[in-house]
2 protein chains.
Amino acid sequence: MGRRPRRVTSKDVARLAGVSRTTVSLVLNDVPHARIAPETRRRVLEAARQLGYRPNAAARSLVRQQAMTLGLILCHPPAHVYTDPFLPQVLLGITGALQKTEYRLLLETVAEPSLREDYLDLAREKRIDGFILSGPRVDDVALRELHKEGIPIVLLGHLPDVAIPSVDVDNVRAAYTAVTHLIRLGHRRIGMITNGPLHYTASQERLNGYRQGLAKYNIPFEPDLVVEGHFTAESGEEAMRRLLTVRPRPTAVFVASDTVALGALVTLRQAGIRVPEDMALVGFDDIPLAAYVDPPLTTVRLPAYELGREAARLLLTLVAGESPPSSRTVLSTALVVRASCGALQALHNPQSKGGETGSNT
Amino acid sequence: MGRRPRRVTSKDVARLAGVSRTTVSLVLNDVPHARIAPETRRRVLEAARQLGYRPNAAARSLVRQQAMTLGLILCHPPAHVYTDPFLPQVLLGITGALQKTEYRLLLETVAEPSLREDYLDLAREKRIDGFILSGPRVDDVALRELHKEGIPIVLLGHLPDVAIPSVDVDNVRAAYTAVTHLIRLGHRRIGMITNGPLHYTASQERLNGYRQGLAKYNIPFEPDLVVEGHFTAESGEEAMRRLLTVRPRPTAVFVASDTVALGALVTLRQAGIRVPEDMALVGFDDIPLAAYVDPPLTTVRLPAYELGREAARLLLTLVAGESPPSSRTVLSTALVVRASCGALQALHNPQSKGGETGSNT
DNA sequence: CTGAAAGCGCTTACAG
DNA sequence: CTGAAAGCGCTTACAG
């Protein structure tokens, strides 16, 4: 490590350009109503360039009362984040939307117990001007508090009966589509493995979609046919084992997470149950690898990149003080039909991997 | 959006506690040599609590000349980040290490062309006190410049002939282990699919490990048997197709990325080539799903969480002005033997599917 | 068209 | 043991 070079401040630039710091600031910030002589402007720009001057972010934040930083708060249990093949895309969507702006992204992961403290402080210290909260929980009181205080917040996912702007997919509808797809393929006895515990809004909603799908076709709901997953492939393995003990055995299973579905697939393989011949499977998420497992997974595509991008855009309008066009953005999902549901087989096209897609919106 | 409540500053706390702002600062920061009367301290603490006071981060940064923020710069092409099942774990490792500290994490993704500008500015604006750079590239000049200026930097990965502290695995050795494992199983004709283009240090090194493995056993290196992957499963599909045209055909392939290997697996399936009976496969990374594909992937485990954690720890000592115990941390990898390499079959593992267990020689 | 001055909210010598 | 004052590096009315 070398020694830090002397800091260069606006004072240095002013001196070199032979103007005041005011003028330096005016020029560098391109202040609208400031009329600066072209020659002066040139001199300032040149001096700044020559000195490699960059305005100090802290000083600027202090005077502007803006951190120029947005937060991304990840409220998932470690087990989830760990296997989340989804996060990178969301991240890319967010940073993509921020790219042309002066805003930067602060990342915070929140362990369960300390929910409150952490991002409350982040906002109160004015380290961030607003934030995206991924994986909001119903029991999160700090969140409602912050929202009341006027901190710009966007939920990735959503919360019932809270007016916080959100970006999400219609989980109910998506699950409904997945299940009715199986029903139309002739299945009447369809199991479900949830993606996570039911206090996660998304888990609950996907379960609702499953029930609505059954109801639509007058298939009675059987609690025994629903097993809870816990985000991991491992939990899918176990859930499927449980499901296989139910009699009569289901002929199809809707697994509300591809990662969990991969675990289920392993159990099926070990039990010598062929997919889709003996058991049809539909997943959820369309993780990048869903097309590459055997058999390729029929699943519901979640627009991860777009979710991140839209959340960031929404937050950007919020911190700009504008009111957003809509405070609840719902992006559409699409059923991606591959081999695991058996639909392709019915079409005598066992090789296909891309599959047909049908939008559900 | 409600209206922002009046900011509470140290002045408010001082007034309520009946002391000066100096005393407030002294108490709240627990300044070592300040002797504050217990009763005064209590009053200050109580006032701060009552008002929900949190020191303004910008003001604090300005006076301390520390942003209390560390950067994580992701220098991967979008295609890589997109499918990186690895990033969440690294992230968790980093935020875990930062949890007990006052440092926060700023995330920056860098698209190829604009390499220079972006994080140069971040550092020059003093928005970050130092950073972790993931995926350093040999042609990155900005990086060397910043390092010369004394900005604390830790490389996730490493660069030849640069004295920047780094955290990495020994890619050469890991690849060597993977390849010699195949050789010991009897293979003599072993192909390789790289994880990415060879200007990535890691890709180059894994290729070197492959060559060293062959050399050790006096197996001549054949350029035709090496095909470049590009981080994605799709690229693995294509690479394997190319490899299958080589005559005589390899009996085993080392794929330096699990994600890429999954693509290779698809090609093999489509060609009716059984793994491991007709073709043995060893991957790299041990992505969370490696154990859940068919056949389960033998691979090299990369300690993703630990890499993130160690990088953060190293950076923390650097920004604290201390010199680190070692400026090059090398974490160890481990060969994880599953079914795809055929080793389990040789042991008469009951799990293995039917078919001959013929020797691979 | 440009500059002097105040102020953002802290911390930290320096007095007392 | 505690307070008045300076200063971190900017921006922004306000004069001129």
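Every chain is numbered from 1 and lettered A, B, ... according to where its sequence line falls, protein lines coming before strand lines.
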Strictly below 4.0 Å, N to O, side chains only: are A:Glu46 and A:Arg43 in salt-bridge contact? no

Please list, pair by pair, any protein nitrogen or oxygen found under 3.5 Å from a nitrogen or oxygen in nucleotides 12-16 of chain C.
unit_1: C:dT12; atom_1: O4; unit_2: B:Thr22; atom_2: OG1; d: 3.2

Mind calculating the distance between CZ (B:Arg42) and P (D:dC1) to the nearest angstrom? 17 Å

If only side-chain N and O atoms of A:Gln65 are considered, is one of them under 4.0 Å from the OP1 or OP2 phosphate oxygen of C:dG9? yes

Length of the line joining A:Lys126:NZ and C:dG9:P, which is rounded to integer Å: 9 Å

Spacing of CG belonging to B:Leu106 relative to CZ belonging to A:Arg127, to within rounding of 0.5 Å: 10.0 Å

Passes side-chain contact (heavy atoms from CB on, under 4.5 Å), B:Asp168 versus B:Arg328? Steps please. CA-CA 8 Å; B:Asp168 203 358; B:Arg328 177 132 162 64; 4.1 Å; yes

A:Arg15/A:Asp12 ion pair, N-O < 4.0 Å: yes

Check B:Arg60 with B:Glu102, please: is the shortest side-chain N to carboxylate O separation under 4.0 Å? yes

Expressed as a whole number of angstroms, how long is the span from B:Glu102:CD to C:dC10:P? 14 Å

Whole-Å distance, A:Met68 CE to D:dC10 P, equals 16 Å

Does A:Arg42 come within less than 4.0 Å of A:Glu39, counting only side-chain N to carboxylate O? yes

Quickly work out the B:Lys11 NZ to D:dA5 C1' distance and round it to whole Å. 14 Å

If the cut-off is 4.0 Å, is A:Ser10 near the phosphate of D:dC10, judged by side-chain N/O to OP1 or OP2? yes

Between CZ of A:Arg41 and C1' of C:dT2 the distance, given in whole Å, is 13 Å

Give the dot-bracket line for DNA chain C from 5' end to 3' end: parentheses for intra-strand Watson-Crick or G-U pairs under 3.5 Å, square brackets for crossings, | for inter-strand pairing, dots for unpaired. |||.||||||||.|||

Which nucleotide sits closest to the side chain of A:Val19: C:dG3, D:dC8, C:dT2? C:dG3

Salt-bridge test for A:Glu125 and B:Arg104: reply yes if a basic N is under 4.0 Å from a carboxylate O, no otherwise. no

Check this for me: does any side-chain nitrogen of one of B:Arg309 and B:Glu306 sit under 4.0 Å from a carboxylate oxygen of the other? no

Which parts of residues 53-62 of chain B get close to DNA chain D, meaning a heavy atom less than 4.0 angstrom away? B:Leu62

Rounded to the nearest 0.5 angstrom, the OG1-CG distance for B:Thr95 and A:Leu74 is 8.5 Å

Do B:Thr23 and B:Ser20 get their side chains close enough for a donor-acceptor pair, meaning under 3.5 Å? yes

Is A:Glu145 salt-bridged to A:Lys148, going by a charged N under 4.0 Å from an acidic O? no

Whole Å only: how far is the CZ atom of A:Arg15 from the P atom of D:dG9? 12 Å

Starting at CZ of B:Arg127 and ending at P of D:dC8, how long is that distance when rounded to a whole Å? 22 Å

